[in-house]
Amino acid sequence: LTRDRTNAFSVFGQNFADDRLKTLNSAAEIIDGGGFGTDVTFEGYFLRANYFFDSKYLLSASLRVDGSSRFGADSRYGIFPAVSAGWVLSEEPWMEGNFFDFLKLRASWGISGNAAIGNFDARGLIAFGNDYNMIPGYQFSQLENNELEWEKSETIDFGLDFEFLNNRVRGSLAYYTRYTRDLLLNTPLPYSIGFISPSIAQNVGEIRNQGFEFSLDVDVIKTPDVLWTIGVNGATLDNEVTKLVDNNNDGNQHSTRYLSDADFLRLRNLQIGYTFKNIGKNRNSIRIFAAGQNLLLWTKFDGLDPEASGQTATGFRQGDLFFSRPQTRSYTFGINLFL
């Protein structure tokens, strides 16, 4: 059980006798003040079981039950199961003397939840402070949704891990598909209902994404004195929005004129180094290295960087190029002394 409570208050003053006087009790006039408080509670239960047999059969299952005060009174708890299995084929007798030093098949399935919304998005709210002529007033600001519940993502993963040539070549290959439903989105409402911001938080929309993930490490040189390893990893992503609120065809939506294909291949990190060992009577070591980040980029993207995160009046948005800049390219050279 976790609980996060935040309270903040502010008071503003003006007309100080001296610029060195910076506390409120030195202000000749208190001109403004305000405060707010927020509170959120999460409650969770977790159960997990693992089974291993003969060092080659692996099975794991888990169950989470999570609750959050952010959701509607009727839908605060979500149930999230998961199961995974593995088979180490290289431990089988009929695999002895095979090309592979290690070979494992694995698969998993699970459901996870997302509660990344405001603390009171499911509540009916009233906004005070709408005063007129020194008479206090209020206004309805948000509709209640007691059925607002967890956003859920169901993921299926199949993978293969391998090692061969006396473990000098190591890698993995996996395919995954993720189906997200009950997206937590603000659904627009007509202005005629008389609210300040006519929208309501609902579980609407579905997203499907799938792709491959791979990694490969190769020990090009492996001796007692020299180890040179080359590694590469990457992933593909096919992301598709399969369902949204009923009005996405409302033309008031953003135009696709400035959408651009953001597929890319980037050389993100590269490091080359060499270690001189057993130097002097104390058998010290010296390592010299050179490293670079974001050295190369292959893409047909029209903007400066396909991973841009743009700044808007309300913050940052992934994929928006407004006020964005490309990722920094950097070079590093160094010497490490081991005394």
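Throughout, residue positions are numbered sequentially from 1 according to the sequence presented. Nothing here was measured: the structure is a model prediction, and the numbers come from that model.
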Exercise for review: Dump the intermediate steps for side chain to side chain contact (heavy atoms under 4.5 Å, CB included) on Ile279 and Lys277, then the final yes or no.
Suggested key: CA-CA 6 Å; Ile279 300 175; Lys277 297 182 178 180; over 6 Å; no
Practice item. Look at Asp121 together with Arg70 and state whether they make a salt bridge at an N to O cut-off of under 4.0 Å. Key: no
Exercise for review: Give a yes or no on whether the backbone of Asn166 and the side-chain of Asp101 come within a donor-acceptor separation of less than 3.5 Å.
Suggested key: yes
**Study point:** Reported OG-to-CG distance for the pair Ser330 and Asn269, which is rounded to 0.5 angstrom
**Key:** 8.5 Å
Review point. When clusters are formed by joining ILVMFWY residues with side-chain heavy atoms under 4.5 Å apart, either directly or through shared neighbours, do Trp298 and Phe301 land in the same one?
Key: no
Review point. How far does CG of Asn278 sit from OG of Ser285, to the nearest 0.5 angstrom?
Key: 6.5 Å
Review point. Is there a donor-acceptor pair closer than 3.5 Å between any side-chain N or O of Asn133 and the backbone N or O of Ile135?
Key: no
Review point. Mind checking whether Thr229 and Arg170 have side chains closer than 4.5 Å, heavy atoms only?
Key: yes
Exercise for review: Would you indicate whether the side-chain heavy atoms of Phe80 and Ser112 approach each other to under 4.5 Å?
Suggested key: no
Point to revise | Exercise: do Ser172 and Ser215 side chains pair donor with acceptor under 3.5 Å | key: yes
Practice item. Examine Phe52 and Leu89 and state if one hydrophobic cluster contains both, with Ile, Leu, Val, Met, Phe, Trp and Tyr joined whenever side-chain heavy atoms are less than 4.5 Å apart. Key: no
Revision key, fill the gap. Output for pair (Asp263 CG, Thr299 OG1), nearest 0.5 Å, gives 7.0 Å
Practice item. Would you please say whether a donor-acceptor pair under 3.5 Å links the side chains of Glu43 and Tyr77? Key: yes
Exercise for review: Please tell me if the side chains of Ile111 and Pro81 come closer than 4.5 Å, counting only heavy atoms from C-beta onward.
Suggested key: yes
Practice item. Determine whether more than 12 heavy atoms belonging to other residues, nucleotides or ligands lie under 6.0 Å from atom CG of Leu173. Key: yes
Review point. Does Glu147 CD have over 12 foreign heavy atoms under 6.0 Å away?
Key: no
Practice item. Could you tell me whether Arg178 and Glu154 have a side-chain N and a carboxylate O separated by less than 4.0 Å? Key: no
Review point. Do Asn145 and Gln202 have side-chain heavy atoms sitting under 4.5 Å apart?
Key: yes
Exercise for review: Treat each ILVMFWY residue as a node, draw an edge where side-chain heavy atoms are under 4.5 Å apart, and state whether Tyr57 and Trp94 are in one component.
Suggested key: yes
Exercise for review: For atom CZ of Phe102, decide whether the heavy atoms of other residues, nucleotides or ligands shown that lie under 6.0 angstrom number more than 12.
Suggested key: yes
**Study point:** Common cluster, Val232/Phe164, ILVMFWY with side-chain heavy-atom separation under 4.5 Å
**Key:** yes
Check your understanding: Quick one: ring pair (Phe, Tyr, Trp, His ring centres under 6.0 Å) partners of Tyr176, sequence neighbours excluded?
Key -> none
Review point. If two hydrophobic side chains count as joined below 4.5 Å and joins carry through other members, does Tyr138 share a cluster with Leu125?
Key: no
Review point. Can you find a heavy atom in the side chain of Val88 that is under 4.5 Å from one in the side chain of Leu58?
Key: yes
Study note, to complete from the structure: CG of Leu160 to CG of Leu105, rounded to nearest 0.5 Å, is 5.5 Å
Review point. Yes or no on side chain to side chain contact (heavy atoms under 4.5 Å, CB included) for Asn119 and Asp39, after CA distance, side-chain angles and deciding distance?
Key: CA-CA 7 Å; Asn119 293 343; Asp39 198 349; over 6 Å; no
Review point. Is the shortest heavy-atom distance from the side chain of Asn239 to the side chain of Ile207 under 4.5 Å?
Key: yes
Check your understanding: With side chains defined as the heavy atoms from C-beta onward, is the minimum distance between Asn203 and Leu184 less than 4.5 Å?
Key -> yes
Exercise for review: Determine the minimum heavy-atom distance between Phe289 and Ile335, stating which atoms define it.
Suggested key: CE2-N, 4.0 Å
Revision key, fill the gap. Minimal heavy-atom distance between Ala17 and Leu21, with the atoms involved, is CB-CD1, 4.1 Å
Practice item. Would you tell me whether Glu91 and Ser55 have side-chain atoms, one donor and one acceptor, within less than 3.5 Å of each other? Key: no
Review point. Would you find more than 12 non-hydrogen atoms of other residues, nucleotides or ligands less than 6.0 Å from Phe46 atom CZ?
Key: yes
Review point. Within the side chain of Gln14, is there an N or O that forms a donor-acceptor pair under 3.5 Å with the backbone of Ala28?
Key: no
**Study point:** Whether Asn294 side chain and Thr328 backbone form a donor-acceptor pair below 3.5 Å
**Key:** yes
Review point. In this structure, are over 12 heavy atoms from other groups packed under 6.0 Å from Trp228 atom CH2?
Key: no
Practice item. Please work out which of the three classes, parallel, tilted or perpendicular, describes the rings of Tyr274 and Phe276, given edges at 30° and 60°. Key: perpendicular
Review point. Does a salt bridge link Arg168 with Asp217, judged by any charged N lying under 4.0 Å from a carboxylate O?
Key: no
Check your understanding: Can you tell me if Asn114 uses its side chain to pair, donor with acceptor, with the backbone of Ala116 under 3.5 Å?
Key -> yes
Review point. Where is the tightest heavy-atom contact between Pro306 and Arg266, given as atom of each residue plus distance?
Key: CD-NH2, 4.3 Å
Revision key, fill the gap. dist Ser153:OG -> Asn209:CG (nearest 0.5 Å) comes out at 8.0 Å
Review point. What is the minimum heavy-atom distance between Met95 and Leu103, and which atoms define it?
Key: CE-CD2, 3.9 Å
Exercise for review: Just say parallel, tilted or perpendicular for the rings of Tyr175 and Phe212, cut-offs at 30° and 60°.
Suggested key: tilted
Check your understanding: Under 3.5 Å, is there a donor-acceptor pair between the side chain of Ser69 and the main chain of Thr41?
Key -> yes
Exercise for review: Measure the CG-OG1 distance between Leu244 and Thr187 for me, rounded to the nearest 0.5 Å.
Suggested key: 9.5 Å
Exercise for review: Measure up the Tyr51 and Phe53 rings against each other and bin them: parallel (under 30°), tilted (30 to 60°), perpendicular (over 60°).
Suggested key: parallel
Point to revise | Working for salt bridge (Lys or Arg N to Asp or Glu O under 4.0 Å), residues Glu240 and Arg208 | key: CA-CA 5 Å; Glu240 180 182 2; Arg208 179 193 58 82; 2.5 Å; yes
Review point. Within the distance-only criterion (no hydrogens, no angle test), does the side chain of Asp302 pair as donor or acceptor with the backbone N or O of Ser260 below 3.5 angstrom?
Key: no
Exercise for review: Look at the side chain of Asp18 and the backbone N and O of Arg20, then say whether any donor-acceptor pair between them is shorter than 3.5 Å.
Suggested key: yes
Point to revise | Salt bridge flag under 4.0 Å for residues Lys152 and Asp182 | key: yes
Review point. Is there a side-chain contact between Tyr179 and Glu206, using heavy atoms and a 4.5 Å cut-off?
Key: yes
Exercise for review: Say whether, by atom type as modelled, one donor and one acceptor occur between the side chain of Gln142 and the main chain of Phe120 under 3.5 angstrom.
Suggested key: yes
Check your understanding: Do you know the tightest heavy-atom contact between Gly33 and Phe12?
Key -> N-CD1, 4.5 Å
Exercise for review: Identify the two heavy atoms, one from Phe42 and one from Ala115, that lie closest to each other, and give their separation to 0.1 Å.
Suggested key: CE2-CB, 3.9 Å
Check your understanding: Do any N or O atoms from the side chain of Ser84 and from the backbone of Ser108 form a donor-acceptor pair under 3.5 angstrom?
Key -> no
Review point. How are the rings of Phe71 and Trp150 set to each other: parallel, tilted or perpendicular (split at 30° and 60°)?
Key: tilted
Review point. Are Thr275 and Arg287 linked by a side-chain donor-acceptor pair shorter than 3.5 Å?
Key: yes
Check your understanding: Can you list the steps and then say if Asn284 with Leu337 is a side chain to side chain contact (heavy atoms under 4.5 Å, CB included)?
Key -> CA-CA 8 Å; Asn284 299 323; Leu337 303 179; over 6 Å; no
Practice item. Check the pair Leu296 / Leu270 against side chain to side chain contact (heavy atoms under 4.5 Å, CB included), numbers first and verdict last. Key: CA-CA 10 Å; Leu296 297 174; Leu270 177 65; over 6 Å; no
